[in-house]
J.: 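Below you'll find the structure I mean.
Every chain is numbered from 1 and lettered A, B, ... according to where its sequence line falls, protein lines coming before strand lines.
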There are 2 protein chains.
Amino acid sequence: MVTKDFVSAQEVAEKAGVSRSAVSRAFTPGASVSAETRRRVMDAAEALGYHVNHLARGLMTNESGIVCLIVSELGTPFRSSLIQALTQQLQNCGKIAMLVNTDRSDGSVDRALRQAIHYRADASIILSGLPDKSITQLCLKNGQRLVLINRDDDQPGPLRINLDDQEAAGRILTAFLRAGCRQLAFANSEAGTPSLMARERGFVAAAAALGMEVAVERHGSTGYEAGKVVAQRLLTRKERPDAIFCANDLLACGVMDAARHQFKMSVPDQLCVAGFDDVEQASWSSYDLTTFAQPVAMVAREAVAFLAAPAGTVDAGEVRTLKLHAELVWRGSIRGG
Amino acid sequence: MVTKDFVSAQEVAEKAGVSRSAVSRAFTPGASVSAETRRRVMDAAEALGYHVNHLARGLMTNESGIVCLIVSELGTPFRSSLIQALTQQLQNCGKIAMLVNTDRSDGSVDRALRQAIHYRADASIILSGLPDKSITQLCLKNGQRLVLINRDDDQPGPLRINLDDQEAAGRILTAFLRAGCRQLAFANSEAGTPSLMARERGFVAAAAALGMEVAVERHGSTGYEAGKVVAQRLLTRKERPDAIFCANDLLACGVMDAARHQFKMSVPDQLCVAGFDDVEQASWSSYDLTTFAQPVAMVAREAVAFLAAPAGTVDAGEVRTLKLHAELVWRGSIRGG
DNA sequence: TCCGCCTTTGCAAGCGTGTGCAAAGCGTGC
DNA sequence: GCACGCTTTGCACACGCTTGCAAAGGCGGA
């Protein structure tokens, strides 16, 4: 069987007895076509199984409709829920998501952005890593919009959506103190992601302002296993902590499991724990974790609104930052409340 | 600032002092270009920030390099890990993933496949829902490859990758019996997904073969909360089950939490539980769930190998099914072992 | 020196679209 | 009947690329 090519507008035009431009106009909202012509075109298209070639259309209009999502460790709960929200929002705006995986290696994000350029993506959303300045400049010069989510960067042009991590870290401290905790600790990974580090700094700084010390431990990548290791280190210290703020929920789950099963400690009676992100697992009753909810839906909405804004609305050169508030979700891993 | 257009091969050609076709050939592996010309082209391209326009290239070569991933509830652990593996494999083959979200509504998958056609995707991988026959025929006729993962369908053409759910269900039964369980139950959702139903049927049938009954409960969507509800129903029955096989791990986590925290039962002493998928959370020590591991890496590898196979290798009309074995991961939620 | 072969290069056609421009069709008011 | 304005349509070009084809150039053998 010969794999016949896709149906083209030409064939539809012939079947409908009109010119090829009529077909094009029939599929362009707001174009000048009579109702009668449009109907005949649509009928012919339906019969032939015609679908507008978005590649060719993008070639003409300079708008591919593609938005590139650049992300690492997609399997992670928080990341995947964000991706889910973003793709959904993009589809609502008639755009489509292209997914590029990155790893921690050098230049990985740059390569990803190059893919975005290859496919003439209208925009890119970066959820992991930080691209080289020269690459982002290239993207911007070519009219690509850029959104950085929870990234530290101060170049003008891209939209930055950040959480107020530091402020949140300060709030959790008062919650710990109100619960009567005296020995503070912070559990982190070695990833060094800007948001993770901001949470650490915010917590340590807020404690220092009250003249308190924080035991900080970092280990491995930002996941459950690392949480277990960190907890083991923290809970065997001479001064055993009675409150651990974790850089994210997965670490917190690991910390809680180590504390309970390995050290036979009771949470929250002997140890208070808090996390960050409010992933689904935080609400599971085995953890019932007090944590900060990232406004995922709002992040997605704002990001896509920026990307889909008509040309001229946004001008490069402007430094645009959106600082969002993380809401404290109070559950049972801290006493009182 | 005028948003200058992307650099074209024409401009590179002028700067390098060669023809436009020379530029094209320089970027086409295996084309006939002298080393000297290629070098000059590459230098000019680098200086100008030129990137081949894959949209235009796809228009010519009839290979866009795009593979469409069609999936619902992407936020789910199993789904996201599969997506992660697939995009990674695709990138390794020089292809790129396009992500389309679907919901449970009618025609949602069909619309997704239409997107795949619009962008002239080389192939589509369907992880959720089942497309209408006419649409899949359209895809195949246009030379698109199709992969269905854990879907029930018997049309010739697409590659089907399925788990041997029924066989696995039978194996878990013997594990329950060896642990001394007598009151069997199955926890399911109302999603009615083929794999979920196959697991249910397999378990019930295997029990029936031994003259045993299975209490089946289904509720809501396939997640943690549904697991809790189902457990509540099962554990308040006159004949309280002492073994629950759950259609997937999320349900199992909900079941375990309800059993322990709500009914104060001990797992595995009073109740044995098993799940399916081996998501990360199953290994967390709060659950320590015995479950079946889906060979995610192998699924991704096989799917992409099929998609990337050179034309002529695969012929339509053939019914191609890959039945994979689910490995039992033995942990602490079943006695003995 | 001439011929034939092989490598390299440029020309031009074509992929499937959108769209400006001009022509055509048509209805209206005088 | 005619001039005028509005809607609709077709023509043709452009978008950025690949590739078949033929011409050009280099080189060795007779």
J.: Taking A:R38 for the side chain and A:E36 for the main chain, is one N or O donor matched with an acceptor at less than 3.5 Å?
T.: no
J.: We want to know whether A:S64 and A:R120 form a side-chain donor-acceptor pair, criterion being a heavy-atom distance below 3.5 angstrom.
T.: no
J.: Say whether, by atom type as modelled, one donor and one acceptor occur between the side chain of A:T28 and the main chain of A:S24 under 3.5 angstrom.
T.: yes
J.: With salt bridge (charged side-chain N to carboxylate O under 4.0 Å, His left out) as the rule and sequence neighbours excluded, what pairs involving residues 101-118 of chain B come up?
T.: B:E73-B:R104
J.: Starting from P on D:dT8, measure out to CZ on A:R40 and report it in whole angstrom.
T.: 15 Å
J.: Short question: side chain of A:N53, backbone of A:L55 - any donor-acceptor pair under 3.5 Å?
T.: yes
J.: So, are B:D122 and B:R145 salt-bridged, with charged N and O less than 4.0 Å apart?
T.: no
J.: Could you work out which one of D:dT8, C:dT8, D:dG10 sits closest to the side chain of B:S32?
T.: C:dT8
J.: Whole Å only: how far is the CD atom of B:E36 from the P atom of D:dG26?
T.: 14 Å
J.: Specify the residue among B:N62 and B:A22 whose closest nucleotide of DNA chain C lies further upstream toward the 5′ end.
T.: B:A22
J.: Between B:T102 (side chain) and B:S108 (backbone), is there a donor-acceptor pair under 3.5 Å?
T.: no
J.: Encode nucleotides 17-22 of chain D as B, S and - characters from 5' to 3', where the letter depends on protein heavy atoms closer than 4.0 Å: B to the base, S only to sugar-phosphate, - to neither.
T.: BBBB--
J.: Rounded to whole Å, please give me the gap between CZ in B:R38 and C1' in C:dT7.
T.: 14 Å
J.: If we ignore hydrogens and angles and just use 3.5 Å, is the side chain of B:R20 paired with the main-chain N or O of B:Q10 as donor and acceptor?
T.: no
J.: For the pair made of CG in A:L59 and C1' in D:dG16, what is the distance, rounded to whole Å?
T.: 5 Å
J.: Please report the end-to-end axis angle for the helix from C:dT1-D:dA30 to C:dC30-D:dG1, five pairs per end, rounded to 10 degrees.
T.: 50°
J.: Does A:S34 place a side-chain N or O at less than 4.0 Å from the phosphate oxygens OP1/OP2 of D:dT9?
T.: yes
